[in-house]
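Labels below follow one simple rule: chain letters A, B, ... track the order of the sequence lines, proteins then strands, and each chain is numbered from 1. The basis for the numbers below is simple: all heavy atoms, side chains too, and nothing from hydrogens, waters or symmetry mates.
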Number of protein chains: 2
Amino acid sequence: MDETPGLRERKKAATRLALHEAALRLAIDQGVDGVTVEAIADAANVSRRTFSNYFSGKEEAIFHGDTMRLRRMLELIREQPTDEQPWTVLTRAALRLTEETDLGNVEWLIRRRQLRGHPSLASHQVAAYAVVERELAAELAGRLRGDDVGLRARVLAAVFLTTMRVAVQDSTEHPDRPLLDVVSAALAAAAPA
Amino acid sequence: MDETPGLRERKKAATRLALHEAALRLAIDQGVDGVTVEAIADAANVSRRTFSNYFSGKEEAIFHGDTMRLRRMLELIREQPTDEQPWTVLTRAALRLTEETDLGNVEWLIRRRQLRGHPSLASHQVAAYAVVERELAAELAGRLRGDDVGLRARVLAAVFLTTMRVAVQDSTEHPDRPLLDVVSAALAAAAPA
DNA sequence: GGCAAACTTGCCTGCTGGGCAAGTTTTGTA
DNA sequence: TACAAAACTTGCCCAGCAGGCAAGTTTGCC
């Protein structure tokens, strides 16, 4: 394994992370609309133009955390046996991811909660989830048998991701209930016949 | 019933429709990025500023058709008996809507197909579907019994809408297969246990 | 007819994405 | 170690865009 993927790559990752965190922090305490791309770039000690090299807009920067989490979930799914029921595989990956997140980073949920209510963000979150949908569908297609594999894989991927999204959204509105609880209840409600 | 909701309202509806159709037409033959809001407004004989009074962006104008279809589906759902299985109700409404659409307006699918491939549109389509999600969840909540009604209603609404979206998207990529077929296969694949 | 509310329009401002080219840093190779 | 190529950053630039405001116009209602 390449422990260090080269200086260049490490710097890029650091810049991306700095921009993401600056975006999140500024959005939280100035409101999503109150913050400009320029302010985010400044806070990350980078030019406005460089921001554009990393993200196509402030919302994408804000949701970069979600994107990373979803990619991690894809990994968790891929490394599971291919001879199991797809929904079982998905559920297990989701719960495992939730545990990982919950333990190391309670801050994540807190930040989320401070952003809730900004309605324009909701649609960008939906879009963020949609990005991995194709990739997940491709993975699932290899695990299905029978007719309509393509369509069924896409449906399964979409249903799963949208359920995760709803669970996270619902959880931000009920801070008292453990996230793991909400996720498993949501997945149970969506489980296909 | 108010047959004519007043001249003012009729004019507004006409303007909105004109803008929508102009947006769709121009987007189809100049590409989504190649068309400006100004061009759309011109084509609808209205000022650029007025466009902004109706839609918040060209994508919203393009997807106004979807929005209307989804609102129609909400109607179809609401007018069904409340003592039936929710998924049965949803499925029936979806199929009924598909029949309505398919018969009267084959043009709709044709236009869609000409827009496919523009990736930026996909996320806006997702967002368009998300708009009615809350409303549908509220309707479904009244039809559920047991624990976690709120969460389960949101999950059900999200799963159903995302399934419809996937069916439509998939259908644009397989023009040979009847839409009704795709929709019912997709709904069958997503049916909760 | 005539008034009030709603709608349209033009004007304006600050923000945005992204093309381009010059300057800087990292990488690979010799 | 030297140096050329590739990758990245930055400033400059431009056209497009959302939306506030105020003046003008149309519609609804008495």
Quiz prompt | Atom CD of E79(B): over 12 foreign heavy atoms under 6.0 Å | solution =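 Counting neighbours around CD of E79(B), more than 12 heavy atoms of other residues, nucleotides or ligands fall under 6.0 Å, so yes.
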Quiz item: Under 6.0 Å from the CG atom of D29(B), do we count more than 12 heavy atoms belonging to anything else shown?
Solution: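 Buried by this count: over 12 neighbours within 6.0 Å.
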Exercise. Measure the distance from CZ on R49(B) to C1' on dA18(D) and round it to the nearest whole Å.
Key: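 Going from CZ in R49(B) over to C1' in dA18(D) covers 8 Å.
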Quiz prompt | Distance, rounded to the nearest Å, where E59(B) contributes CD and dG17(C) contributes P | solution =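 Going from E59(B) (CD) to dG17(C) (P), I get 13 Å.
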Quiz item: Between the base of dG16(D) and the side chain of R48(B), is there a donor-acceptor distance below 3.5 Å?
Solution: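 No, no donor-acceptor pair under 3.5 Å.
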Exercise. Describe the nucleic acid contact of Y54(B) in one word from base, sugar-phosphate, nothing, applying a heavy-atom distance below 4.0 Å.
Key: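 Result for Y54(B) = sugar-phosphate.
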Self-check item: N53(B) or G57(A), whichever maps to the more 5' nucleotide of DNA chain C
Solution: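 The answer here is N53(B).
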Quiz item: S184(A) side chain to D181(A) main-chain N or O, any donor-acceptor pair under 3.5 Å?
Solution: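 Between the backbone of D181(A) and the side chain of S184(A) there is a qualifying donor-acceptor contact (under 3.5 Å).
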Quiz item: So, does S171(B) use its side chain to make a donor-acceptor pair with the main chain of A167(B) at under 3.5 Å?
Solution: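 Side chain of S171(B) to backbone of A167(B): no pair is present.
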Practice problem: Name every residue in residues 10-47 of chain B that has at least one heavy atom under 4.0 Å from any atom of DNA chain D, in order of residue number, or write none if there are no such residues. | Solution: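 Going residue by residue through residues 10-47 of chain B, the ones with a heavy atom under 4.0 Å of DNA chain D turn out to be K11(B), T36(B), V37(B).
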Quiz item: Quick one: which of dT9(D), dA5(C), dG19(D) gets closest to the side chain of R8(B)?
Solution: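 Selected nucleotide (nearest to the side chain): dA5(C).
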Self-check item: OP1 or OP2 of dT16(C) under 4.0 Å from side-chain N/O of K58(A)
Solution: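 Yes.
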Practice problem: Look at the side-chain N and O atoms of S56(A) and state whether any lies under 4.0 Å from the OP1 or OP2 oxygen of dG17(C). | Solution: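 So the side chain of S56(A) is outside the cut-off, no N or O lying under 4.0 Å from OP1 or OP2 of dG17(C).
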Quiz item: What residues, two or more places apart in sequence or in another chain, satisfy ring-ring contact (aromatic ring centres under 6.0 Å, His included) together with H124(B)?
Solution: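 Testing H124(B) for ring-ring contact (aromatic ring centres under 6.0 Å, His included), a comparison that skips the adjacent residues, returns none.
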Exercise. Working to the nearest 0.5 Å, report the span between CG of L97(B) and OG1 of T101(B).
Key: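 Between L97(B) CG and T101(B) OG1, I get 4.0 Å after rounding to 0.5 Å.
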